[in-house]
There are 2 protein chains.
Amino acid sequence: MSADGSRFDPLVVVELTSDTKEEAISWLLSRIRDTQQNGGRPIQLEQLGPGVSAQEKENPNLFLVGATRQRLLSGAEDLGLFKEFHDGSMRGFTCANKHNFKDFQGDGDSFLSMAECQYIIKHELDTLRARDETHVPGHQQVKLYPGKSIIRRLLSKGILIQVFPLHQKEELKRLSFSWYQKVKLSFQPLDDIRHYYGEGQALYFGFLEYFTFALVPMALIGVPYYLFDWEDYDKYVLLAAFNLVWCTVILELWKRCSASLAYRWGTLSRKKAFEEPRPGFHGVLGFNPVTGREEPLYPNTKRQLRVYLVSLPFVLLCLYLSLYIMMIYFLMEGWVLSVHDEEPTFWTGILCFIPSVIYAVVIEVMNLIYRYAAEFLTEWENHRLESSYQNHLVLKVLVFNFFNCFASLFYIAFVMHDMVMLRQSLATLLITSQILNQFMEAFLPFWLQRRRNKKMIRKVQIRKTLEDKELPLADQVRLEADMSTYLGTFDDYLELFLLFGYVSLFSCVYPLAAVLVVLNNITEVYSDAFKMCRVFKRPFSDPAANIGVWQLAFEAMSVIAVVTNCSLIGMSPQVKAYFPESDMQLILWTVAVEHGLLAFKFILTFLIPDVPKHIQINLSRLEFESLEALKKKVKPVSSLQYSMMFI
Amino acid sequence: MSADGSRFDPLVVVELTSDTKEEAISWLLSRIRDTQQNGGRPIQLEQLGPGVSAQEKENPNLFLVGATRQRLLSGAEDLGLFKEFHDGSMRGFTCANKHNFKDFQGDGDSFLSMAECQYIIKHELDTLRARDETHVPGHQQVKLYPGKSIIRRLLSKGILIQVFPLHQKEELKRLSFSWYQKVKLSFQPLDDIRHYYGEGQALYFGFLEYFTFALVPMALIGVPYYLFDWEDYDKYVLLAAFNLVWCTVILELWKRCSASLAYRWGTLSRKKAFEEPRPGFHGVLGFNPVTGREEPLYPNTKRQLRVYLVSLPFVLLCLYLSLYIMMIYFLMEGWVLSVHDEEPTFWTGILCFIPSVIYAVVIEVMNLIYRYAAEFLTEWENHRLESSYQNHLVLKVLVFNFFNCFASLFYIAFVMHDMVMLRQSLATLLITSQILNQFMEAFLPFWLQRRRNKKMIRKVQIRKTLEDKELPLADQVRLEADMSTYLGTFDDYLELFLLFGYVSLFSCVYPLAAVLVVLNNITEVYSDAFKMCRVFKRPFSDPAANIGVWQLAFEAMSVIAVVTNCSLIGMSPQVKAYFPESDMQLILWTVAVEHGLLAFKFILTFLIPDVPKHIQINLSRLEFESLEALKKKVKPVSSLQYSMMFI
């Protein structure tokens with residue numbers, strides 16, 4: 001199919017706007033083809049032909065990108081992908097050594113998964129940096145400077161519409177069947193998910209499943225409290241104590257679990273310092289002090305100044321604003337209620353809902369604006385690594401969301417001291433947010449997608465029923481190009497984080513929360529799986545070694561939970577009855593217990609090792625063998641002697 | 001001098017009891033000489049001749065151990081010593097590659113310091129393990145089994161009296177002159193100390209110096225509080241807040257400082273997993289899963305069961321006992337005071353002192369017994385690494401010492417609420433412990449040493465004044481063999497730790513504590529240096545990369561300090577005056593401020609990187625180059641092709 005006659009597997013689609021200048025296209029294509037290494041095996045490119053529908057409105061500038069097997073293997077070596085060695089350990093892949101890897105058979109056709117191949121192509125495209133061009137040919141306004149990522153600049157200027165990896169129909173069918181289409185009691189096929197979507201996705205689904213199972217004991221213990229209406233606080237104390245310790249244990253055990261998964265998938269040993277910078281990273285071209293590769297450099301102090309002097313104050317200001325708006329809401333609410341209590345009419349009854357509605361709308365708008373601001377600021381901070389960029393962005397957004405979700409609950413609990421209202425608000429927030437989320441996440445995009453692709457899909461349906469044949473490539477690509485873009489695991493994690501907050505922060509007030517969250521998570525697995533397979537474009541895989549800053553966020557939540565639960569129990573009338581003579585004694589006891597629990601948590605965190613023993617041993621062995629290899633490397637004279645003797 | 005005619009530098013002395021059987025001696029010597037590697041360069045051994053004094057009581061079984069330069073170099077390679085490479089990075093030393101190391105000149109005579117050579121010899125002796133011997137020849141009762149450390153068994157059975165490294169008179173004279181003999185304002189010669197005594201000692205002196213300088217700001221701020229008798233609690237709040245933040249900052253910065261030192265000295269890159277097991281470690285002979293070397297193996301779970309099911313309950317029981325005895329002391333004290341108040345006579349006046357004296361004696365006895373028990377238990381836990389053994393021992397002992405030192409102060413502060421008594425007790429404890437320590441640590445051993453060696457020293461003095469000549473080797477060895485043994489940095493660190501407790505825990509009650517501690521530390525530098533150089537045998541060097549569990553202990557102390565200082569300030573009458581209407585408000589504010597400070601501390605700890613950037617880069621580069629070397633290693637075919645082309 002391709003120009004040089006070799007077999008061409010399309011992996012990635014590049015879509016340019018239909019009004020791109022011819023010279024810009026040919027320049028870009030030649031630059032992409034030009035990224036040849038290792039004896040000149042270039043990346044393969046091909047323009048997509050017209051689809052079956054053959055409408056004149058169709059964008060002709062769709063390009064398929066692929067590469068030969070050899071090129072992909074050498075790309076895997078450059079990226080430092082870790083694969084299973086013949087002795088069962090994980091080793092950095094090298095072409096010279098390829099036959100010593102366990103799954104390498106014959107030409108290595110099935111050695112790299114398609115997701116890995118697509119990641120390699122994406123990496124090649126991302127690291128395509130301008131040399132001496134000052135602008136894109138044919139587009140004077142699109143400026144370039146040495147070291148600037150070309151793809152990045154074309155994307156930001158709107159010339160490049162999108163770059164996305166293609167689905168594999170057969171694989172996808174198999175995966176979706178084993179994942180969500182058969183109703184059964186079994187674990188998710190995490191290895192298959194990783195094979196198809198990459199490590200980041202698989203870790204998310206692994207965490208979702210783990211988290212659901214981990215909450216089951218809390219849910220089981222919570223049920224009788226709800227059924228028998230237990231209000232004795234000595235029972236609540238037991239529940240809260242169990243929850244607090246349990247939260248710590250499950251978060252610690254997840255670290256071990258995640259390390260096992262990441263080791264098996266080969267991402268645990270990849271080191272941050274060796275990764276290539278993210279495409280958005282800019283700076284003066286120089287040499288990386290660790291790897292010696294040429295790449296942009298940006299001083300760390302400058303970045304830290306931006307973080308601490310601009311981003312941090314901005315976030316604090318936004319948090320203050322959010323609290324201020326919440327106070328206005330409570331004032332309005334109080335005023336409206338007093339009006340309604342004085343002369344209750346139909347209109348004052350409606351008036352009662354208005355503050356909540358206004359508050360909800362304002363919060364949503366603020367969330368939206370803040371999200372854009374956070375993305376802009378994090379981009380501006382100019383992080384070298386994708387993971388570091390993600391962590392800073394996630395941290396900014398989740399702190400704000402935490403405040404918006406929980407500030408009103410904190411206010412009700414600790415300023416208004418109204419436990420009945422707290423329980424009501426908690427239940428309302430939890431249930432509405434679950435229903436809204438499920439709806440917004442999976443069904444709405446699916447429905448929009450259906451509407452948008454109505455025509456195309458109808459055609460596909462007819463064709464399928466008529467011929468039961470595969471859709472031609474051109475149509476499949478155009479169909480996928482129109483699908484919504486998956487925006488990463490961020491919102492999914494955020495949802496889990498907030499649910500964890502509802503369960504842990506006020507667990508002694510509303511023990512049923514865990515049950516609701518478990519039920520939600522079970523449907524969440526199915527709706528997330530469905531949306532990954534059917535609603536969205538295939539995302540590029542993301543070689544994550546852990547869930548990043550979310551681990552920290554969940555741990556911070558479990559620390560805050562100790563404080564809130566202890567104070568809630570300390571404030572309860574039943575506990576107060578134990579200290580009839582003085583409040584002092586009560587508070588001192590509460591504080592002492594809280595400190596004890598916190599100390600216990602920290603000791604537990606310290607004592608449970610983050611990485612299981614056998615993986616630690618494997619990692620150490622890799623390091624030991626590496627150091628030994630380095631020791632033996634620099635022996636120019638003796639190795640020559642040896643080989644002369646050998647000859 | 002030695003049997004095979006090559007030059008013999010005595011490095012280490014091995015002393016056996018004078019009634020050791022001839023066959024045991026010859027067996028041991030042959031086993032030591034037998035540890036030959038790398039083409040048969042054995043360790044050299046020589047029996048010490050009679051001294052000048054030539055008394056018949058002298059022990060004839062003193063042996064000098066040495067090794068050729070080549071043997072020591074290959075020992076350094078086996079141990080994985082890190083040395084500076086020609087490009088300024090730190091690399092594991094290899095003989096094949098020796099000329100690429102920076103300080104390697106000619107035959108490499110001055111490449112290894114004498115301390116390193118002695119450490120290599122010690123390591124060879126320690127790893128001398130029994131093969132198929134069932135007992136030591138000539139001593140039926142000294143049983144052996146395969147894998148048991150021979151030296152260890154001989155030591156525990158009393159056949160081997162001691163193994164110690166020799167001093168270098170010239171070096172020692174130079175070091176002690178630049179270290180403590182000239183009175184000057186300058187830093188300690190840490191690199192020279194490391195060169196002579198090894199990394200563990202040098203890190204202790206580095207920490208002592210750092211800690212002293214770090215306390216200077218606290219001392220300076222504390223002085224006006226004492227001079228002008230400031231009792232305003234708003235000023236005390238400022239002082240306490242400054243102290244709390246300062247403690248966190250200095251402890252974090254010390255980590256960076258220690259990492260820099262350890263990197264320069266080549267111990268930072270040495271990995272625990274690659275270290276050889278400590279001699280006392282026993283188990284079934286097997287192969288280390290990381291390095292593949294043959295060594296004893298012991299299951300981790302068994303060790304953890306011993307730690308958690310035996311050692312931990314034992315420690316808790318001892319702590320309970322200690323608290324119980326303290327309560328008895330306070331009861332006795334109260335009873336005696338009431339007797340004295342009723343009818344004050346001379347005898348009741350004396351009676352008043354009795355409880356304190358009894359308590360002090362009981363505490364000392366308990367400390368002593370506990371120390372033995374802790375050593376026994378930690379030995380029994382069977383830790384693989386010396387550092388892990390030390391950490392477990394240190395943790396056990398310091399928790400007990402912390403309780404004994406501070407429990408009574410806590411009782412006075414938080415149960416009796418008597419601030420005047422607290423200040424008095426604090427001052428008394430601090431000053432007496434300083435004076436006692438200085439006396440017990442340096443002058444007492446020195447005086448004992450003088451008495452013991454009176455004869456020998458007088459002879460030396462006469463000889464020196466008469467001839468001003470060097471002491472013959474035999475006499476020097478016998479002189480050093482009689483010196484006291486240095487028991488490690490444990491007691492020195494413990495003293496600093498307790499002083500840090502006096503400064504930080506109650507800093508808002510007795511601001512002068514920092515001044516006293518700074519003054520103490522300055523004299524401590526001199527007395528410790530003096531005792532290292534003049535009082536004790538030279539200790540074997542200990543390649544430490546950090547101060548181990550002491551870092552954790554100091555950090556834990558600074559966390560406890562936040563709690564104590566906040567409560568002390570919250571309890572003060574001046575602060576109470578701000579909340580006239582309710583104690584509730586006061587306590588809630590205190591708790592809130594305390595939580596804020598704790599959160600701030602943790603965030604600060606998290607934000608300050610533990611290793612300076614440039615060292616991180618160097619470490620990453622080493623790791624990167626190692627992995628690259630490993631990748632390139634397993635290419636048997638292509639490397640052969642390459643060398644054929646080369647030829």
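We name chains A, B, ... by the order of the sequence lines, and we start the count at 1 in each one.
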Which answer fits [X], side chain, backbone, both or neither, if we ask what part of it has an atom under 4.5 Å from a heavy atom of chain B?
{"X": "Asn618(A)", "answer": "neither"}
{"X": "Ile617(A)", "answer": "both"}
{"X": "Val563(A)", "answer": "side chain"}
{"X": "Ile560(A)", "answer": "neither"}
{"X": "His614(A)", "answer": "neither"}
{"X": "Gln616(A)", "answer": "neither"}
{"X": "Thr94(A)", "answer": "side chain"}

Identify the two heavy atoms, one from [X] and one from [Y], that lie closest to each other, and give their separation to 0.1 Å.
{"X": "Val290(B)", "Y": "Arg621(A)", "value": "O-CG, 3.3 Å"}
{"X": "Leu552(B)", "Y": "Phe606(A)", "value": "CD2-CZ, 3.9 Å"}
{"X": "Ser626(A)", "Y": "Ser626(B)", "value": "CB-CB, 3.4 Å"}

Open item on the list: Counting heavy-atom pairs closer than 4.5 Å to chain A, which one of Pro289(B), Ser567(B), Gly92(B) comes out on top?
Closed with: Pro289(B)
- [ ] With a 4.5 Å cut-off on heavy-atom pairs, point out which of His595(A), Lys613(A), Gln304(A) contacts chain B the most.
- [x] His595(A)
- [ ] Using the test ring-ring contact (aromatic ring centres under 6.0 Å, His included), find all partners of Phe410(B) that sit at least two apart in sequence or belong to another chain.
- [x] Phe414(B), Phe506(B)
Task: Aromatic ring pairing Phe602(B)/Phe602(A), orientation class (parallel under 30°, perpendicular over 60°, tilted between) - done: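 The arrangement is parallel - the two ring planes meet at less than 30°.
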- [ ] Starting at OH of Tyr308(B), measure out to CG of Leu607(A) and round the result to the nearest 0.5 Å.
- [x]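 Going from OH on Tyr308(B) over to CG on Leu607(A), the span is 4.0 Å.
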